[in-house]
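This report refers to the structure that appears directly beneath it.
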Number of protein chains: 2
Amino acid sequence: MNDTQARPVKTTQTSIRIGRAIQRRDGATLTELSEALDLAKSTVHNHLATLVEEGLLVEEGGQYYIGLRFLEFGEHARNRREHYTPAKLQVYRLAESTNEEANFAVAENGYMYSLEYVMGDANPNNPAVGSTFLSVGSKFRMHNSAPGKAVLSALPTHRVESILDRRGLPATTENTITDRETLLEELETVREQGYATNDEELEVGFRSIAAPVTLDDGTVLGGLSIGGPAYRFELDDASGGRSVDTLRKAVADVEREIGRMANVDDDSKE
Amino acid sequence: MNDTQARPVKTTQTSIRIGRAIQRRDGATLTELSEALDLAKSTVHNHLATLVEEGLLVEEGGQYYIGLRFLEFGEHARNRREHYTPAKLQVYRLAESTNEEANFAVAENGYMYSLEYVMGDANPNNPAVGSTFLSVGSKFRMHNSAPGKAVLSALPTHRVESILDRRGLPATTENTITDRETLLEELETVREQGYATNDEELEVGFRSIAAPVTLDDGTVLGGLSIGGPAYRFELDDASGGRSVDTLRKAVADVEREIGRMANVDDDSKE
DNA sequence: ACTGTAGTTCACACATACCGAACAACTATG
DNA sequence: CATAGTTGTTCGGTATGTGTGAACTACAGT
């Protein structure tokens with residue numbers, strides 16, 4: 001509850017700051033980092049050496065890059081729960097059947113992270129064709145995305161409040177809901193209709209719908225979504241109805257599959 | 001060249017040690033970590049709090065887990081070079097056409113990391129069906145894997161020596177090559193025949209073949225491989241010949257595609 | 001050769017990471 | 001319900017190791 005800011009380990013924070021800076025710049029040189037972060041070159045030097053030794057960074061021609069060791073850890077996190085598996089598989093089916101973008105994302109630390117993302121009609125030879133810059137591992141906010149709002153709608157209000165306190169409601173487009181009351185009201189609507197929408201609130205030209213995937217004990221696993229360019233992806237019932245039905249079926253599928261897994265587990269215990 | 005171990009930042013190392021321990025245990029509690037790493041509880045406490053704040057770890061019911069922030073960084077590393085894309089796509093095609101496991105891995109820090117891995121004949125509903133415990137983000141060694149040997153074969157000898165110095169040649173099965181001279185001789189063979197083999201050297205019951213993907217300037221991008229259970233995946237020319245041809249074509253495809261990308265780049269520059 | 005830029009090494013001083021003990025919050029147990 | 005045994009959190013003191021800046025090396029460009 002209370003972020004008591006216990007006693008942050010500043011040295012570790014510095015290392016992380018360096019990593020973040022490298023990621024933001026898609027590779028950086030020592031002096032570049034030293035200047036950007038206002039640290040002595042020798043300091044940055046030691047951090048870099050340590051992180052390279054650990055495989056978290058790579059040095060290539062004077063430039064430092066994010067290392068694949070992060071991927072090792074990241075995939076570990078991505079596969080942490082077996083329940084993720086049916087949801088990730090469903091993303092492929094959704095993308096194929098709707099020919100639009102499908103996404104499964106989970107909430108962590110007040111943000112959403114995409115665990116699986118597939119572009120339905122995209123030319124696989126040119127991944128840049130997708131309408132958003134989303135991909136597996138992408139972090140996005142909860143208040144301005146369909147999966148985010150879907151997950152929020154399934155959380156108790158005090159948890160929602162706490163997330164909004166921590167992360168705020170910054171606007172990314174004109175449509176972004178930046179008022180807390182308005183958002184809470186919309187979450188009520190989401191609960192009623194069973195799915196959340198994103199009408200160009202995250203990115204101009206991109207719309208999507210999402211529904212929460214919940215477990216038997218009532219907790220939320222994440223949000224399943226489909227979306228596409230605004231010119232063809234409608235949110236109203238008229239043409240959007242089909243998508244909503246597809247999404248509903250998909251969520252039901254996933255939840256049924258998860259239930260099946262639980263039963264198998266129970267059986268094996270006996 | 002010289003791993004002068006400049007002046008390692010011990011605090012950062014401690015944080016990383018904690019992360020590794022958590023990963024190894026698939027989640028751990030504070031006291032567990034404190035005992036395992038021989039650190040004061042308060043120390044671990046501060047590190048954990050810092051890492052959670054940064055999103056690198058998550059706390060859930062007293063257990064600490066690897067956070068999805070790692071995935072964000074990891075995917076960044078995975079997509080760092082555009083040249084990876086055609087290789088990753090080829091993995092899907094290889095898996096489909098051979099009905100065996102296909103893999104594209106690159107070398108970093110003296111290890112191989114899988115950037116794409118697909119099980120050809122696996123039931124997608126049960127990923128555990130694969131014969132190895134490999135997956136995207138998996139780290140494995142260079143001396144006892146086909147992609148590793150393929151990449152080594154394309155490196156100058158002094159780089160090979162340096163990698164072997166750093167990482168050694170530990171045995172994982174009876175077949176693992178643990179003698180440096182033997183390995184160097186085998187690399188010579190690899191260069192001659194154009195592909196490397198792994199005859200249950202990494203894991204009992206698993207065989208594979210791999211070839212290096214090289215760029216125009218002669219540098220190695222990574223290794224493309226196909227493999228399967230030993231009872232059906234043969235390495236000799238008789239039945240393995242087909243696989244070798246398929247692999248060769250696949251590598252040629254990827255290299256051609258990369259060349260095409262380079263030309264497009266040149267064009268756009270003009 | 002020379003100037004400038006980038007990275008590495010080193011000794012010192014101050015900040016701080018680590019510890020330990022005491023405290024708080026929960027569970028289990030009689 | 002009290003008690004004992006967990007596990008996690010707080011806090012002050014101290015030894016440690018981080019961060020610094022200056023001096024040094026290595027290169028690239030002119």
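Proteins come first, then strands; the chains are lettered A, B, ... in the order of their sequence lines, and each starts at number 1.
- Between Leu33(A) and Leu48(A), the shortest heavy-atom distance links the atoms CD1-CD2, 4.0 Å.
- Heavy-atom distances to DNA chain C give each of Thr31(A) and Thr11(A) a nearest nucleotide, and the one nearer the 5′ end belongs to Thr31(A).
- Atom NZ in Lys41(A) sits about 11 Å away from atom C1' in dC24(D), given to the nearest Å.
- We find that Glu60(B) and Arg80(A) are joined by a salt bridge, their nearest charged nitrogen and carboxylate oxygen being less than 4.0 Å apart.
- When distances are taken from the side chain of Thr14(A) to each of dC11(D), dG19(D), dT9(C), the shortest belongs to dG19(D).
- One atom, NE2 of His45(B), and another, C1' of dG20(C), lie 15 Å apart when rounded to the nearest Å.
- Here dC19(C) is the nucleotide among dC19(C), dA17(C), dT7(D) with the atom lying nearest to any side-chain atom of Ala40(B).
- The residue from Glu186(A), Arg180(A), Glu188(A) that alone fulfils the side-chain contact (heavy atoms from CB on, under 4.5 Å) condition with Leu184(A) is Arg180(A).
- Nearest-nucleotide mapping onto DNA chain C: of Gln63(A) and Thr12(A), the residue sitting toward the 5' end is Gln63(A).
- Between dT8(C), dA17(C), dG21(D), one nucleotide has an atom nearer to the side chain of Ser42(A) than all others, and that is dG21(D).
- In this structure, Lys10(B) places its NZ atom 18 Å from P of dT16(C), rounding to the nearest Å.
- Residues Glu75(A) and Ser135(B) bring no donor and acceptor atom of their side chains to less than 3.5 Å of each other.
- Contact check, Thr43(A) against dT18(D): no side-chain N or O comes under 4.0 Å of OP1 or OP2.
- A cation-pi arrangement is found for Lys139(A) relative to Tyr111(A), the charged atom lying closer than 6.0 Å to the ring centre and inside a 45° cone about the ring normal.
- We find that CD of Gln13(A) is positioned 15 Å from C1' of dA15(C), with the value rounded to whole Å.
- A salt bridge is defined here as a Lys NZ or Arg NE, NH1 or NH2 lying under 4.0 Å from an Asp or Glu carboxylate O, and Arg78(A) with Glu116(A) meets this definition.
- One finds no salt bridge joining Glu54(A) and Arg17(B) here, because no Lys/Arg side-chain nitrogen approaches an Asp/Glu carboxylate oxygen to under 4.0 Å.
- Whole-Å rounding puts the Leu33(B) CG to dT9(D) C1' distance at 16 Å.
- To the nearest angstrom, P of dG19(D) lies 8 Å from CG of Asn46(A).
- Regarding Asp38(B), its CG atom lies at a distance of 16 Å from the C1' atom of dA17(C), rounded to whole Å.
- When the C1' atom of dT16(C) is taken as reference, atom NE2 of His47(B) falls 11 Å away, rounded to whole Å.
- Remark: the separation of the C1' atoms in dT18(D) and dT14(D) is 16 Å, to the nearest Å.
- With a cut-off of 3.5 Å on both pairing distances, the Watson-Crick and G-U wobble pairs of DNA chain C assemble into stems of 3 or more at C:3-13 with D:18-28, C:15-30 with D:1-16.
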